[in-house]
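Reckoned from all heavy atoms, side chains included, excluding hydrogens, waters and symmetry mates. Indexing begins at 1, ligand by ligand and atom by atom, following the structure's order. Remember, predicted model here, so these are calculated numbers, not experimental data.
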Amino acid sequence: MAGLLGGLPDAVLSVAYLVAATLFILGLREMTHPRTAMRGNLISAAGMLLAVGITVLWFEILSPLVLFAALLVGAAIGTWLATSVETTQMPQLVGLFNGFGGGASALVAGAELIDLFGAGGAAKVAAYDVTGAAAVAGVVGAVTFTGSLVAAGKLHGYVEAPIRYPGEQTVKAGVLLVCVAVAAVLVGRPAGVAGALTADWVPAYWGLLVAASVLGVLLVVPIGGADMPVVIALLNSLSGLAAATTGFVLDNSVLIIAGTLVGASGMILTTIMCRAMNRSLRNVLVGGLGDTRAGDVADIYEGNIMSTSPEEVAMLLETARRVVIVPGYGMAVGQAQHAVAELAAMLGEAGVEVAFGIHPVAGRMPGHMNVLLAEADVPYEQMEELEAVNPTFADTDVVIVTGANDVVNPTALSDEPSPIQGMPILRVWEADVVVINKRSLSHGYAGIPNPLFTYDNTYMLFGDARESMQALANEYKATR
Ligand code: NDP
């Protein structure tokens, strides 16, 4: 090591990595609560800046000037993305970030293999653990990359229905076998053993990436709408696993720590999402219920719908003692959180007990509703999770469902096969009156009709979430 940091003892690098790892952990801790999440993000970003900066300068990968220029370009792209991407497109963006993380890990592991075995075929030191880690990083990274691209496309609405085909499991198993076979060759022939891996074998790594990329697509295209939260959490976890294994290839402790943190937290999230959907991971990845999406729903609702207006709902609220607001994806689309928060605050001032019923998969990314409501300064104490709020509906006078559909769909409780069968839902119909605000009778992400719209105590408040909630808030204000 020479250059800018030349002459510094090796311990400096270790201490810098330790500080970076500590910042990651502190940042993650802060992210466990919406109130401190932004600070957590900044702390983790500072850790990553330190880790990347010291690595690049220490190993003289780039000159300080080029590093600075790269940081400027990266910061400009990041700022542009953060300010120009619509809040409703954030889930897709997060999906893409997972994919880029996985893709980068696969490419870096491959570059290291070239470094070890390339350039004339004279292998430098490489052992089973290096080739093994590279093979895992390649497979997991490539699966994450293409799987995330498909997931982002599904979230964006490019691919609406799950794609199923005859012999699906056999095709997936076949591609998986190809990956395992190529990986076994790479792992089994490291340098320094008989029949060692040579530069000729390095292209096999790129073949491995191609096979794994195909596997990523095959794994995600058949996943049904309502199972997507599990897949997104899993891809997030895999992106961490790919980074951690690349850390082993490079022998870089801070990458191992960062990747492990992402992998472990993503796996916890996957477990939470599986529980929220009442699915096992195997059931999501291998099972699938096919395309059970709704066709023409007009006959289901025909003559059974009661609609209402903001004036009527405001009158209902006048005499209510407990009101629960259930937000869903439509609240994010309509950006209705501020109008909803204004209504909730007025109800609270009038002595009404107000709660928000938050379903774990409401919206399009984990914690979506909490983030939006926190942005509108809704007190955290008012946000009640599914298990806490469900028993209270029987004592609730009015439930206002705004932009939610699948998370209040009683079909989940029926024996009929559906993409949401068995998913715990918010039992809003147990309240005296349910007001459902959405623009039409169209289905939610899972693509199935919702019989709740036809219930005797359900009133449809048709309209955009922000306009309807603002009109309701204004009407309620006028009645006081
Ligand atoms: P849904 O997708 O079930 O329904 C949202 C409803 O919002 C639609 O029926 C739509 O009806 C309505 N809507 C859309 N725009 C507006 C608007 N501007 N104003 C008013 N209403 C609007 O949402 P839920 O939150 O109930 O359920 C989430 C679904 O997404 C679940 O199936 C979940 O599995 C899935 N999912 C969740 C992820 C997560 O991590 N949370 C990730 C991926 C998928 P209309 O067009 O009639 O207005």
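Close N/O approach between Met365 and ligand 1 is found [any backbone or side-chain N/O within under 3.5 Å]. Taking only nitrogen or oxygen atoms, main chain and side chain alike, Leu441 does not reach within less than 3.5 Å of ligand 1. Any N or O atom pair closer than 3.5 Å counts here, and Asn437 shares no such pair with ligand 1. Residue Asp227 places no N or O, backbone or side chain, under 3.5 Å from any N or O of ligand 1. Considering backbone and side-chain atoms alike, Pro360 places every N or O at 3.5 Å or more from each N or O of ligand 1. Below 3.5 Å of separation, one finds no N or O of Met273 facing any N or O of ligand 1. In terms of polar-atom proximity, Pro366 is counted as a contact of ligand 1, with an N or O under 3.5 Å from an N or O of the ligand.
Between Arg439 and Asp464 there is no salt bridge, since no side-chain nitrogen of the basic residue lies less than 4.0 Å from a carboxylate oxygen of the acidic one. Using a cut-off of 4.0 Å between Lys/Arg side-chain N and Asp/Glu carboxylate O, Arg322 and Asp397 are scored as not salt-bridged.
Within a 6.0 Å radius of CZ in Phe453, other residues, nucleotides and ligands contribute more than 12 heavy atoms. Counting non-hydrogen atoms of other residues, nucleotides and ligands closer than 6.0 Å to CE of Met306 gives a total above 12. Counted within 6.0 Å of CD on Glu385, heavy atoms from surrounding residues, nucleotides or ligands total 12 or fewer; the atom is thus considered open. Residue-environment remark: OH (Tyr165) exceeds the threshold of 12 foreign heavy atoms within 6.0 Å. Counting non-hydrogen atoms of neighbouring residues, nucleotides and ligands closer than 6.0 angstrom, the CD atom of Glu86 reaches no more than 12 such neighbours.
Under a 4.0 Å criterion applied to the non-hydrogen atoms of Leu155, ligand 1 contributes the atoms 43 (C). Proximity to Gly328 (heavy-atom distance under 4.0 Å) selects the following atoms of ligand 1: 25 (O). Close approach of ligand 1 to Gly463 (heavy-atom distance below 4.0 Å) involves ligand atoms 20 (C). The ligand atoms of ligand 1 that sit less than 4.0 angstrom from a heavy atom of Val407 are 26 (O), 27 (O). Near Met228, meaning under 4.0 Å from one of its heavy atoms, ligand 1 places the atoms 43 (C), 44 (C). Shown in contact with Gly334 at under 4.0 Å from a heavy atom are these atoms of ligand 1, numbered in order with element: 18 (N). Each of the atoms 9 (O), 11 (O), 45 (P), 46 (O), 47 (O) of ligand 1 lies under 4.0 Å from some heavy atom of Ser442. Less than 4.0 angstrom separates some heavy atom of Ala404 from each of these atoms of ligand 1: 26 (O).
Considering only non-hydrogen atoms, atom 9 (O) of ligand 1 lies nearest to Asn405 out of Asn405, Asp464, Leu461, Ile425. Nearest-heavy-atom check against atom 19 (N) of ligand 1 across Ala412, Gly95, Gly444, Ala465 picks out Ala465. With Ala446, Gly330, Pro91 as candidates, the residue nearest to atom 13 (N) of ligand 1 on a non-hydrogen basis is Gly330.
In terms of heavy atoms, Leu50 sits closest to Ala20 at CD2-N, 3.9 Å. Of all non-hydrogen atoms in Asp406 and Ala446, the two that sit nearest each other are OD2-N, 2.7 Å. The two residues Val389 and Glu384 make their nearest non-hydrogen contact at CG2-OE1, 3.6 Å.
Looking at His443 against ligand 1, only its backbone comes within 4.0 Å, counting heavy atoms.
When each of Ile223, Ile163, Val221 is tested with Val150 by the rule side-chain contact (heavy atoms from CB on, under 4.5 Å), just one qualifies, namely Val221.
The shortest heavy-atom distance from Ile420 to ligand 1 is not under 4.0 Å.
With no hydrogens or angles considered, a side-chain donor-acceptor pair links Glu311 and Ser309 at under 3.5 Å.
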